[in-house]
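Chain letters run A, B, ... following the sequence lines, proteins first and then strands; every chain starts at 1. Everything quoted here is computed from the prediction, not taken from an experiment.
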Amino acid sequence: MTFTYPGAEAPALERVSLRVEPGERLGILGPNGGGKSTLLKLTLGLLPLHPGGGTIRVFGRTPAQARAEGLIGYVPQRAEPELALPLSVRQMVTLGAAWRVPPWRRVPRETRERVASLLHLVGAEEYADRPVGKLSGGQLQRAMIARALAAKAKILALDEPTVGIDAVGQQRFADLLAAVHRELGVTILIVSHDLRAIVAGCDRVACLARRLHSHVSPQGLTPQVLAELFSHDVAGVLAGVHIHAHDAATCPDPSHAHPRLSSTPDPSAPVQVSISGRGDGHKEHP
Amino acid sequence: MRTLEYLTLDGFWQAILAGVAIVLMCSLVSVLVVVKRLAFVGQGVSHSAFGGVGVAAVLAAAWPAAGHPAIEFAVIVAFCMLAAVAMAAASDRRTVQFDTAIGVALVGSMALGAVLVEASRRVAAAVGSVGFTPRSWESILFGSLFPSGTWDLALAWAMAAVVAGSAWLIRRPMLFWTFDEPTATAFGVPSQRIKFGMMLLLTVAVVTSMKLAGVVLASALLVLPGATALRLSDRLGAVVALSCAIGLAGLAAGVVLSFETDMPPGASVVLVLAALFAAAWGATARAGRAPARA
């Protein structure tokens, strides 16, 4: 799949081929400007894929169909909700599913019960009736994860979820994601340029700097892989320090990639991004 | 008490009941206007009504049948809606900043209205329209509660029902969109349609309330009740109820103030609402409480 923004000279994503298995926790790691958020927006159907640009399938459906069916729960980067709107946490989470309920019907009891169990799962039960505007950043993020899952999404997509969170908060966040994965069995996509977030919460890592540079387990993120992905500050990365942004154009060519890495070596090969499903394998939270 | 004398005037209760409908409608919409920071959009839409009044005046001068209040209302709503859509489209395409688009529509419509109202007099003279009189500038600018006929009363309640009913029908996706537009879009909420619906509700509320408050003050009714209520509570249901109560209190106190001091009723109502907001702001600031960024 290749994608170029209108008016841009270079593609934001070039010949990216990626398959995510159901129930997998995939981290998409890369520098700022490397195309991570673009890939996520394409998968969510928020950006249109140009004709001839390849295909994206989510559980066998187009991104727009998947979005319409609520298959993907999305937690945005730097969410800036209108906190002046006096919603309680419970009301906000319920809206994630209830906005589809016909206006003449009450929110079904099943939805209300699911919201209650999700609030318990993410640890937001004690402040469920507090106004959203009075939450801390970490509390708001937990509530947003619950909202993303309220409509029985099969995929939880998080865009830069650990920006601005300290080390303790990041560990709590990793524990939270592990609990969500264990209880609900959802597929988790984490897009980040923060190595710690990826290592703590993912089974597999896709390194993206316009092209797909590697496809390894978190343990496979060797200094050599990171050096190829990020042009500098590798020592900082390995010390657990936040990775600095750099120009995507300085990323190495995939043809020079680490032997472990895989890109799309054959230009004639079919290219696609696919997140395929196991039908009804999605676990229901009790 | 001059107010007691007014109670027995012909049309008094019709005017008050029309005012109640307008205030309830605006108070309901104002919560969303404040939260979504659409106050300046309300200004743009209300001032666009100048252009609508001008177009309606020319039509009425040329064809007396077009001077019916229903046709005039429809023309002004259509004109304001066009202006609102143009403002939104210009900003969506990022060709101009949203506030610039509003500013251009605002001053352009006012100028167009001034030109067309004058042109309507010439058209009326040219076609020999007997008895044609365009609206006075004072009534366009500041509104007038009296005289209020059955038509005004019916229109106010019909539009209040349309606005309240529409808001109820789209309340869930609209709340999601209001709270977090980018995420709501990612969830599949039809953001463009909700945005269009919101602009339509705003336009209908503004044009209907022009009768009471005029072009200049109509948008005030779309800000002050909601802004005051948001200072006083952080529960959605309570905020909506408080907003309506504050709007009604402002209407009652403003009408009494108007009668007792012989001042324009629209301006008096808005002054009372502004005083209530200042009081709420002062009280919550002293209590160290800031429930909203309103």
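Considering all non-hydrogen atoms of both residues, Arg172(B) and Arg105(A) come closest at NH2-O, 2.9 Å. Of all heavy-atom pairs spanning Trp99(A) and Phe176(B), the tightest one is CD1-CD1, 3.6 Å. In terms of heavy atoms, Pro86(A) sits closest to Val239(B) at CG-CG2, 3.7 Å. Residues Lys134(A) and Asp234(B) share a closest heavy-atom pair of NZ-OD2, 3.0 Å. The nearest pair of heavy atoms linking Phe187(B) to Tyr74(A) is CE1-O, 3.6 Å.
Atom CZ of Arg61(A) has more than 12 neighbouring heavy atoms from other residues, nucleotides or ligands inside a 6.0 Å radius. More than 12 heavy-atom neighbours from other residues, nucleotides or ligands sit within 6.0 angstrom of NZ on Lys36(B). Surrounding CZ of Arg171(B) are more than 12 heavy atoms belonging to other residues, nucleotides or ligands, all under 6.0 Å away.
To the nearest 0.5 Å, the span separating CG on Leu32(B) from CG on Leu85(A) amounts to 7.5 Å.
No side-chain heavy atom of Met144(A) sits less than 4.5 Å from a side-chain heavy atom of Thr183(B). Under the 4.5 Å side-chain criterion, counting only non-hydrogen atoms from C-beta, Phe179(B) is in contact with Arg147(A).
Within the 4.5 angstrom heavy-atom criterion, atoms from both the backbone and the side chain of Val189(B) approach chain A. Using a 4.5 Å cut-off between heavy atoms, Ala151(A) does not touch chain B at all. For Arg235(B), the parts lying under 4.5 angstrom from a heavy atom of chain A are both the backbone and the side chain.
Chain B forms the most heavy-atom pairs under 4.5 Å with one residue out of Val75(A), Leu44(A), Leu46(A), and that residue is Leu46(A). Of the listed residues (Gly45(A), Ala68(A), Ala98(A), Gly133(A)), the greatest number of heavy-atom pairs within a distance under 4.5 Å of chain B belongs to Ala98(A). Among the candidates Gly188(B), Pro182(B), Gly237(B), the residue making the largest number of heavy-atom pairs closer than 4.5 Å to chain A is Gly188(B).
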*Could you go step by step and tell me if Thr185(B) and Arg67(A) meet the side chain to side chain contact (heavy atoms under 4.5 Å, CB included) rule?*
CA-CA 9 Å; Thr185(B) 306; Arg67(A) 188 160 57 122; 4.0 Å; yes
